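The shown structure was predicted, so the numbers you read here are calculated from the model rather than taken from an experiment. Every chain is numbered from 1 and lettered A, B, ... according to where its sequence line falls, protein lines coming before strand lines.
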Amino acid sequence: MTDIPNLWPEGVRETTPMITPNAIFKRQASALADRTDGVLQGTVTRRVHEDGDFVYSFKITSTTLDYSYELFLAWHKPILLYPVTCSFQSRVTRCGNQEELLEWLRGVFSSDETKRVIDSLLAQINE
Amino acid sequence: MPNFFFWNTAGKPVEKLISAAAESHDVDLFLLAECSIDTRVLIRSLNSRGSGYRRLRSSLCRRITILTRYSSDYIRPFDEGERYSISRVKMPAREEILLVSAHLPSKLEFSDASQAQECARLARLIIAAEESVGHQRTLFMGDINVNPFEAGVVGAGALHAVMTKNTAARNSRTIQGEDYRFFYNPMWSHFGDGRSDAPPGTYYYEKAEHVMYFWNIFDQVLLRPALAGSFRHEDLAVLTHIGSESLLSPNGRPNKEVSDHLPLLLRLNF
């Protein structure tokens, strides 16, 4: 019987390192606690949409105030991690890769809207 | 009994009408969508007769403005986002309720299917809040930009709001092994011209296409069964006048110079 060759390339396991949107969001969620000495936390929830997409909700949370504010939403296809579509203040942005997602997040976190939310929460906590 | 007032003010300078509503309807809590009136102007107008209204400063939702003459200790925002606000309302000698308001995307912004998804998302947020606080005494008052008969409102996976108290009193129903809790939607009784003292809806829209409802009810009150029992139809009104001022044009439609939406007034014992 003729040998059937293995058609898979030798380097099939050598993939380009890629960080998932979920990992990026979770890292930024815990980074908020680091920046605010744990006074504010980020929380990320993920659910599967009816059409199969993974949908993320990123909230700024204060356990002291028992309060959460949903800052942005993001979603992507279940297998393809990128592009990830992000929605902040009703503006929808498509991030084609992790660099674009990181840049978009940098803009969100330094926006006037995010500053408004954080300033207000910190003021209430410090009352 | 507390009086709740919801109005999409369409960005119009209607502070005098809001002030008049406070006086003529003894409003305890205002929920305003698309309110672009400067807070100081609004509060000054509301308190010109010494009523003691204040903006709920702890609410960060940009699209819903909450004003009340209750102590801010009684109303604590719990979960909010750009388009929704969920607060815990606990007043002396009354059980806590969840007060939800929202202003969801319009039919100009979103397709019917996308609007239904937004309603389903709001429903999930409400359920998550109910699970967190441990009760389902939930009142919704807001502009969801879909009619009571559309999938976003009646769909089990969406708001699941039905037209009779009796149906809602079942609390939930099971579909494919999964439970879906009901809302009661009293707005069904506010369609059409069957009552001479009430408008046919809350919002009028007309376009030369084949399917057209003309009058819509995008502004709605929804009650979980735990609150629906104490609801009385005579305690919910779609207002066409505030004081002596009509909110309608001579053709009987909402006067767009005032707002293209009519306000809701609810008196609820809980």
Side-chain angles (χ1 to χ4, degrees), chain A residues 25 29 32 36 39-76 85-93 108-109 111-127, chain B residues 34 39 55-64 72-73 75-88 90 96 98 100 102-106 108-111 113-114 116-129 131-134 145 151-152 155-158 176 178:
Chain A
F25 297 144
L32 177 62
T36 60
V39 172
L40 298 177
Q41 304 86 39
T43 55
V44 180
T45 54
R46 184 175 74 174
R47 66 179 177 82
V48 181
H49 191 266
E50 285 171 8
D51 62 10
D53 282 5
F54 286 172
V55 183
Y56 304 87
S57 164
F58 187 102
K59 290 184 177 182
I60 296 176
T61 300
S62 162
T63 49
T64 309
L65 299 173
D66 191 19
Y67 178 83
S68 295
Y69 186 87
E70 185 177 72
L71 194 62
F72 66 82
L73 293 167
W75 58 95
H76 64 75
T85 308
C86 307
S87 174
F88 173 61
Q89 289 200 282
S90 298
R91 286 194 301 274
V92 175
T93 305
V108 167
F109 294 154
S111 69
D112 290 345
E113 172 65 4
T114 304
K115 184 166 171 46
R116 176 187 78 94
V117 172
I118 288 178
D119 285 354
S120 177
L121 292 175
L122 292 176
Q124 291 177 62
I125 290 167
N126 293 328
E127 266 181 2
Chain B
E34 283 191 50
T39 301
R55 180 172 185 169
L56 196 63
R57 291 173 58 87
S58 49
S59 171
L60 299 179
C61 177
R62 275 197 184 275
R63 289 181 183 257
I64 302 291
S72 53
D73 293 341
I75 305 162
R76 288 198 304 108
F78 178 71
D79 183 21
E80 296 186 304
E82 184 194 347
R83 289 183 174 273
Y84 71 93
S85 174
I86 303 175
S87 294
R88 301 177 76 160
K90 176 74 181 83
E96 178 180 284
L98 279 181
V100 183
H103 182 209
L104 297 188
S106 72
L108 297 174
E109 299 168 277
F110 272 25
S111 67
S114 293
Q117 296 295 341
E118 283 297 305
C119 289
R121 206 172 87 75
L122 176 63
R124 282 191 295 272
L125 290 162
I126 293 170
I127 290 168
E131 294 302 305
S132 290
V133 301
N145 269 313
Q176 300 279 322
E178 196 161 338

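Between the A/Arg116 side chain and the B/Leu60 main chain, a donor and an acceptor come within less than 3.5 Å of each other. The closest donor-acceptor contact from the side chain of B/Glu82 to the backbone of A/Ser90 lies under 3.5 Å.
Taking CZ of B/Arg121 as the start and CG of A/Leu73 as the end, the distance is 4.5 Å to the nearest 0.5 Å. Interatomic distance, NZ of A/Lys59 versus CG of B/Asp79, reported as 3.5 Å (0.5 Å rounding). Atom CG in A/Leu65 sits 8.5 Å away from atom OG in B/Ser58 (nearest 0.5 Å).
Within a 6.0 Å sphere centred on NZ of B/Lys90, heavy atoms belonging to other residues, nucleotides or ligands number more than 12.
The ring-ring contact (aromatic ring centres under 6.0 Å, His included) test applied to A/Tyr67 returns no partner, not counting sequence neighbours.
Contacts of B/Leu125 with chain A are made by side-chain atoms alone, with heavy-atom separations under 4.5 Å and no backbone atom involved. Contact annotation for B/Glu109: neither backbone nor side-chain heavy atoms come within less than 4.5 Å of a heavy atom of chain A.
Contacts between residues 48-57 of chain A and chain B, defined by a heavy-atom separation under 4.5 Å, are made by A/His49, A/Glu50.
With contacts defined as side-chain heavy-atom distances shorter than 4.5 Å, the pair B/Arg57/A/Gln124 does not qualify.
By number of non-hydrogen pairs under 4.5 angstrom with chain B, the leading residue of A/Asp66, A/Ile60, A/Leu71 is A/Asp66.
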